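Computed from a predicted model, the values in this text were never measured in an experiment. All chains are named by letter (A, B, ...) in the order of the sequence lines, taking the proteins before the strands, and each is independently numbered beginning at 1.
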Protein chains: 2
Amino acid sequence: MSASLGAPQGVPTLTDVARVAGVSLATADRVVNRRAGVRPATIARVEAAVAALGFERHAGAADLARRVRHRVTAVLPSGGNPFMRRLGEELSRAARLLGARRLDLTLAAAETLRPTRLAEAIEAAAGLSDAVVAVGLDDPLVAAAIDAAAARGVPVITLVSDVPGSRRSRYVGIDNRAAGRVAGSLVGRFLGPEPAEVAVLLGSRALRDHRDRLDGFAAVLGERFPHLRLAGVWEGEDDPVRARAAVAELLAAHPRIAAVYSAGAGNVGLARALEDAGSQACVVAHELTAETRPLIERGAVDALIAQDAGHEARSALRLALAQLSGTRIDESQERIRIEILLRDNLPEA
Amino acid sequence: MSASLGAPQGVPTLTDVARVAGVSLATADRVVNRRAGVRPATIARVEAAVAALGFERHAGAADLARRVRHRVTAVLPSGGNPFMRRLGEELSRAARLLGARRLDLTLAAAETLRPTRLAEAIEAAAGLSDAVVAVGLDDPLVAAAIDAAAARGVPVITLVSDVPGSRRSRYVGIDNRAAGRVAGSLVGRFLGPEPAEVAVLLGSRALRDHRDRLDGFAAVLGERFPHLRLAGVWEGEDDPVRARAAVAELLAAHPRIAAVYSAGAGNVGLARALEDAGSQACVVAHELTAETRPLIERGAVDALIAQDAGHEARSALRLALAQLSGTRIDESQERIRIEILLRDNLPEA
DNA sequence: CTGTTAGCGCATTCAT
DNA sequence: ATGAATGCGCTAACAG
């Protein structure tokens, strides 16, 4: 048995469509690209031809003919924890591969944690670009900046951290509440049925994604592992030094902590504090970076919840390009997975 | 701060290269595409120009100019468990999206478990195609067929299941030993520190990937969870009915089994047998399919180890195309991940 | 409103 | 061994 795909003799072209519809190439192009100025009757004829032939436009050829270069700028946090730096690199790589000829990527750094600054950065980016990709922040000022850009016709794609109330055209990133749930399940399963105390280390409660993760984590504990008590939530500001201090304090107050869910960054500090205190607590943290890899390899971290920076970067740029040139995309390819990494399934590099 | 990428004024074209090198477009093309018949001195000049300008060829334009269509056929198991069927669908989708104009995909079914049949199918496919993608089998006959195809200039890409000794040009799939290790870690962590008995359910020992998974699983238990004893290894032939029977027998002999690692298919049967016996055993299985999704959702399966069929399909086809047209690829994009799925991070669809 | 025409960057004959 | 010319499928002026 064997099934064949694709037209055997060659895929229909716009010229074919034009011929079948009895119009010129230009007119066919107009209706296919939904450009104005065609009589309804003509539109109908062309659309019939498109349907009859199963025409789909050749993206490569369209690309070639359309000489415009799209300028997109990506706004990333200036401080830059390892994951964010990685994201920047991957955006550059993706730009080179995906749209060498159509895409001018500009990387812009901004204090994405301060609403005013982020909003300014987005506005500035929208001024110079056809589309902007930005690591978001859940704040009205930021939402306003995004809405303003959108109103001007500059689509904004949020990356890694969404801006819920805004008119961003897409969000590329994981569902952070679900990520928190995954962390909760892992901790619940790893600890077993005995009552125990667990703690959460956040970067900051001001960060929407961290709050979402905490919510998801707490929800699972409540639903499925009621014998686990959330003894405390600390903030380490995504910084190793402060994280270490926060955790030290935490352990002093609750020496029996059996597990820590680290929803932010600064995990080296967390690990050190645990070692200092001689704690055997189970640790679940986020993102695979140069910082966390050694930790999971030597067992200081038990599991990592990760998102693939390369995939996110490609996806964001693909979506921006699709948006700008009216191409269709394969939704299933753009779904960002919540990955669970144990030391046994760490990717090579 | 902001960094810009890509030449501001327009990316260099082959024509630019030719001009700078002082040769014609055709000659530039010859060296860029490593075609024969160019004097070494000329090659050097063109390559210098390429380097100086940072030329990279425009894939879209190349696509357009090259009118050849590549025929690739994919050889999949005829029986077809849900995962394999999914793989077929994803190959079709990928073919449509990736190479609508350059790629004729033919899906061929074969009894991939019988070396003779698989070898025949691969030979037949190689006869009609420019490249073949096949779900492999670790057998000398199959390896021979692959080597013969390769010798004829038809590259063979193994998918999901590799053929180690052969000259396949690439293997697209997960590291099954690592997958087994992941399963072992999960079971080890889920069960906790008390001594317990665990069992493994295989499709068949004849399948290389199942054996690899078993090896990895056993290795982790030995290294990190010595208090867990592997009470038995059963074969369910990837079939729900036989799996159920095998597991029933297993439970009769070892009623205290605390966990089962199912390295093959037929998981509905496994779940039913466990329910019949009133066993609360922890279950780790493979692949997210219409069959396993309900199981993990209702808790009959605790974790799933999965590979993304869509990603694998796209990767295999991308590699085939790259091979056939001498394009370069982004290795990091082709790495197939071992995914760990809990009910909290199941993809939507 | 609709048609004609000239390329986009590259691979490919066909000459030389 | 090298060059000139043609066209892939499509978009974008520019004419009517």
Side-chain angles (χ1 to χ4, degrees), chain A residues 7 9-46 49-50 53-70 99-103 324-328, chain B residues 6-7 9-46 49-50 53-70 99-103 321 324-328:
Chain A
Q9 286 303 345
V11 182
T13 73
L14 227 209
T15 310
D16 296 330
V17 171
R19 189 174 28 69
V20 170
V23 300
S24 77
L25 186 57
T27 299
D29 172 82
R30 286 183 184 105
V31 354
V32 164
N33 291 296
R34 307 190 174 326
R35 279 188 257 275
V38 184
R39 230 184 326 160
T42 314
I43 295 186
R45 295 217 329 274
V46 175
V50 166
L53 297 178
F55 168 80
E56 279 190 67
R57 75 202 227 262
H58 184 144
D63 247 50
L64 191 55
R66 180 175 28 230
R67 305 71 139 10
V68 299
R69 292 174 64 81
H70 293 126
R101 297 285 184 313
R102 297 172 53 201
L103 183 53
L324 292 175
S325 60
T327 332
R328 249 222 306 275
Chain B
Q9 287 303 345
V11 182
T13 74
L14 227 208
T15 310
D16 296 330
V17 171
R19 190 173 28 71
V20 169
V23 299
S24 79
L25 185 57
T27 299
D29 173 84
R30 286 183 184 104
V31 357
V32 163
N33 292 298
R34 306 188 174 329
R35 279 186 258 275
V38 184
R39 227 183 327 160
T42 315
I43 295 186
R45 289 202 352 259
V46 174
V50 166
L53 298 178
F55 168 81
E56 279 188 67
R57 72 174 200 233
H58 185 143
D63 243 53
L64 191 56
R66 178 173 30 230
R67 306 73 151 359
V68 298
R69 292 175 64 82
H70 293 124
R101 300 281 184 316
R102 299 172 52 200
L103 182 53
L321 239 34
L324 292 175
S325 59
T327 332
R328 247 222 307 277

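B:T42 is not listed as a side-chain neighbour of B:V31, based on a closest heavy-atom distance of 4.5 Å or more. Inter-residue side-chain proximity for A:R69 and B:V11 is flagged as met; some heavy-atom pair is nearer than 4.5 Å. Side-chain contact between B:V20 and B:R45 is absent, with no heavy-atom pair separated by less than 4.5 Å. Counting only heavy atoms from C-beta outward, the side chains of B:F55 and B:L14 approach each other to under 4.5 Å. In this structure, the side chains of A:I43 and A:R30 stay at 4.5 Å or more apart for every pair of heavy atoms.
When the side-chain nitrogen and oxygen atoms of B:R35 are compared with OP1 and OP2 of D:dA1, none of them lie within a distance under 4.0 Å. Between A:R66 and C:dG7 there is no side-chain N or O to OP1 or OP2 distance below 4.0 Å. Phosphate contact (OP1/OP2 of C:dT2, side-chain N/O of A:T42, threshold under 4.0 Å): present. Between B:R39 and D:dT2 there is a side-chain N or O to OP1 or OP2 distance below 4.0 Å. Considering only side-chain N and O atoms, A:R30 lies nowhere under 4.0 angstrom from the phosphate OP1 or OP2 of D:dA12.
Residue pairs meeting the salt bridge (charged side-chain N to carboxylate O under 4.0 Å, His left out) criterion with at least one partner in residues 33-42 of chain A, sequence neighbours excluded, are A:D29-A:R35.
We find that CZ of A:R45 is positioned 15 Å from P of C:dC1, with the value rounded to whole Å. What separates CG of A:D29 from P of C:dT4 is a distance of 15 Å, to the nearest Å. A:L14 has its CG atom 14 Å from the P atom of D:dC8, to the nearest Å. Regarding A:D63, its CG atom lies at a distance of 10 Å from the P atom of D:dT11, rounded to whole Å. Protein atom CG of A:L64 is 8 Å distant from nucleotide atom C1' of C:dC10, rounded to whole Å. Atom NE2 in A:H58 sits about 15 Å away from atom P in C:dG9, given to the nearest Å.
For residues 16-27 of chain B, proximity to DNA chain C is found at B:L25, B:A26, defined as any non-hydrogen atom under 4.0 angstrom from a strand atom.
Expressed to the nearest 0.5 Å, how far OG1 of A:T13 lies from CG of A:L53 amounts to 9.0 Å.
Across C:dT12, D:dC10, D:dT2, the shortest atom-to-atom separation from the side chain of A:A65 is found for D:dC10. Listed nucleotides D:dC10, C:dC10, C:dC8 differ in distance to A:R67; the shortest reach to its side chain belongs to C:dC8.
When each of B:A61 and B:A28 is assigned the nucleotide of DNA chain D with its nearest heavy atom, B:A28 is the one assigned upstream, toward the 5' end.
Backbone-only contact: B:N33 has heavy atoms under 4.0 Å from sugar-phosphate atoms and none from a base.
One axis for each end of the helix from C:dC1-D:dG16 to C:dT16-D:dA1, each built from five base pairs, and the angle between them comes to 40° at 10° resolution.
Shown here are the side chain to side chain contact (heavy atoms under 4.5 Å, CB included) partners of B:L324, two or more places apart in sequence or in another chain: B:H70, B:D130, B:A131, B:P155. Evaluation of the side chain to side chain contact (heavy atoms under 4.5 Å, CB included) rule for B:A18 yields B:V23, B:A28 as partners, not counting sequence neighbours. Partners of A:R66 according to the side chain to side chain donor-acceptor pair (under 3.5 Å) rule, which considers only residues two or more places apart in sequence or in another chain, do not exist here.
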